[in-house]
Chemist: 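Input: one structure, supplied below.
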Amino acid sequence: MKRKICLAMMLAFGMAGAAFAAEHEVKMLNKGAAGAMVFEPSFVRAEPGDVIHFLPTDKSHDVQSIDAMLPEGVAPFKGEINKPYDLVVTAPGIYGIKCSPHFSMGMVALIQVGDAPANLEAAKVVKLPKKAQQRMNADFDQVK
Ligand SMILES: [Cu+2]
């Protein structure tokens with residue numbers, strides 16, 4: 001009897017957890033509010049377990065993690081060109097994202113998962129192409 005109650009409680013908590021997982025949409029655009037070749041929004045504040053949907057609204061874009069801009073233990077990832085990409089963020093921290101064809105044109109995004117990201121300072125010292133650095137710095141300013 002006791003075990004059954006325990007299992008029911010675990011299920012209830014598990015379902016509550018799933019209900020709190022949020023979904024975020026990021027469009028990949030040739031032109032957005034910040035100029036040409038952008039992720040919009042380029043900064044997303046998420047919680048562990050959330051899903052980030054990257055949508056190929058315009059053509060010729062992809063989604064890739066930026067080297068050394070991932071939480072410890074998170075493997076680099078890479079979507080396909082012109083395909084939607086779902087990123088499930090389980091580990092807290094900073095996730096640096098680029099579109100590989102337009103990285104030098106500044107097509108980058110930043111995902112913050114949880115509070116006080118442990119890898120923020122490490123991510124900030126990663127060298128990016130000039131335009132990408134400008135936009136990434138604006139994204140870093142939104143990290144709280
Ligand atoms: Cu692109």
Side-chain angles (χ1 to χ4, degrees), residues 5-144:
I5 291 168
C6 199
L7 181 63
M9 279 177 69
M10 279 168 69
L11 281 172
F13 280 119
M15 283 163 75
F20 285 125
E23 306 199 15
H24 310 264
E25 288 193 350
V26 175
K27 290 175 182 162
M28 296 185 265
L29 300 173
N30 294 347
K31 192 163 178 18
M37 308 304 174
V38 289
F39 289 99
E40 202 169 278
S42 67
F43 177 79
V44 174
R45 179 66 168 83
E47 294 300 331
D50 286 3
V51 187
I52 322 292
H53 300 290
F54 290 92
L55 306 172
T57 313
D58 291 327
K59 297 290 179 211
S60 306
H61 303 291
D62 73 1
V63 175
Q64 285 191 35
S65 55
I66 298 175
D67 291 343
M69 289 184 71
L70 289 175
E72 202 176 318
V74 174
F77 50 85
K78 185 180 188 305
E80 285 178 62
I81 209 128
N82 294 333
K83 297 271 175 67
Y85 186 79
D86 286 350
L87 175 65
V88 180
V89 287
T90 46
I94 287 290
Y95 294 66
I97 308 285
K98 66 181 176 184
C99 161
S100 54
H102 306 118
F103 188 30
S104 65
M105 295 176 74
M107 190 159 171
V108 291
L110 190 67
I111 316 291
Q112 177 188 353
V113 180
D115 295 318
N119 64 329
L120 178 61
E121 293 312 312
K124 278 184 172 176
V125 299
V126 176
K127 284 266 176 270
L128 305 179
K130 192 174 174 218
K131 184 74 182 168
Q133 190 73 66
Q134 284 172 3
R135 286 184 177 160
M136 191 61 89
N137 287 345
D139 290 335
F140 278 134
D141 286 345
Q142 298 187 65
V143 174
K144 286 188 197 91

Chemist: Taking the side chain as everything from C-beta on, heavy atoms only, tell me whether I81 gets closer than 4.5 Å to P101.
Modeler: yes

Chemist: Please find the pair of heavy atoms, one from V143 and one from P117, that lie closest to each other, and give the distance.
Modeler: CG1-CG, 3.9 Å

Chemist: Does S100 offer a backbone N or O that forms a donor-acceptor pair with the side chain of D62 under 3.5 Å?
Modeler: yes

Chemist: Determine yes or no for a side-chain-to-main-chain donor-acceptor pair under 3.5 angstrom, with S65 supplying the side chain and F77 the backbone.
Modeler: yes

Chemist: Scan for salt bridge (charged side-chain N to carboxylate O under 4.0 Å, His left out) pairs involving residues 117-139, sequence neighbours excluded, and state none if there are none.
Modeler: none

Chemist: Would you compute the distance between atom SG of C99 and atom CE of M28 and round it to the nearest 0.5 angstrom?
Modeler: 7.5 Å

Chemist: State whether the side chain of Q112 and the backbone N or O of G114 hold a donor-acceptor pair below 3.5 Å, judged by distance alone.
Modeler: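 Side chain of Q112 to backbone of G114, a donor-acceptor pair under 3.5 Å: yes, one is there.
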
Chemist: Should we count CG of D141 as having more than 12 external heavy atoms under 6.0 Å?
Modeler: yes

Chemist: For the residue pair V74 and A91, what are the closest heavy atoms and their distance?
Modeler: CG2-CB, 3.7 Å

Chemist: Atom CD of Q133 and atom CZ of F140: how far apart are they, to the nearest 0.5 Å?
Modeler: 7.0 Å

Chemist: According to the ring-ring contact (aromatic ring centres under 6.0 Å, His included) rule, which pairs have a member within residues 54-74, sequence neighbours left out?
Modeler: F39-F54, H61-H102

Chemist: For N30, is there any backbone N or O sitting under 3.5 Å from a side-chain donor or acceptor partner on D58?
Modeler: yes

Chemist: Checking side chain to side chain contact (heavy atoms under 4.5 Å, CB included) against Y95, which of N119, I66, L70, L110 comes through?
Modeler: L70

Chemist: Do the side chain of D86 and the main chain of H53 share a donor and acceptor less than 3.5 angstrom apart?
Modeler: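 Between the backbone of H53 and the side chain of D86 there is no qualifying donor-acceptor contact (under 3.5 Å).
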
Chemist: Would you give the length of the straight line joining atom CD of Q64 to atom NZ of K98, rounded to the nearest 0.5 angstrom?
Modeler: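 Those atoms lie 5.0 Å apart.
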
Chemist: Check M107 against V38 and note the closest heavy-atom contact, atom names and distance.
Modeler: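 Minimum heavy-atom separation between M107 and V38: CE-O, 3.6 Å.
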
Chemist: Give, for atom CD1 of I97 and atom CD1 of I52, the distance between the pair rounded to the nearest 0.5 Å.
Modeler: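 Rounded to the nearest 0.5 Å, the CD1-CD1 separation comes out at 8.5 Å.
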
Chemist: Can you list every pair that meets salt bridge (charged side-chain N to carboxylate O under 4.0 Å, His left out) and has a residue in residues 26-52, with sequence neighbours left out?
Modeler: R45-E47, R45-D115

Chemist: Roughly how far apart are L128 CG and S104 OG, rounded to 0.5 Å?
Modeler: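 If we round to the nearest 0.5 Å, L128:CG and S104:OG are 11.5 Å apart.
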
Chemist: Which heavy-atom pair separates V26 from P41 by the least distance, and what is that distance?
Modeler: CG1-O, 3.4 Å

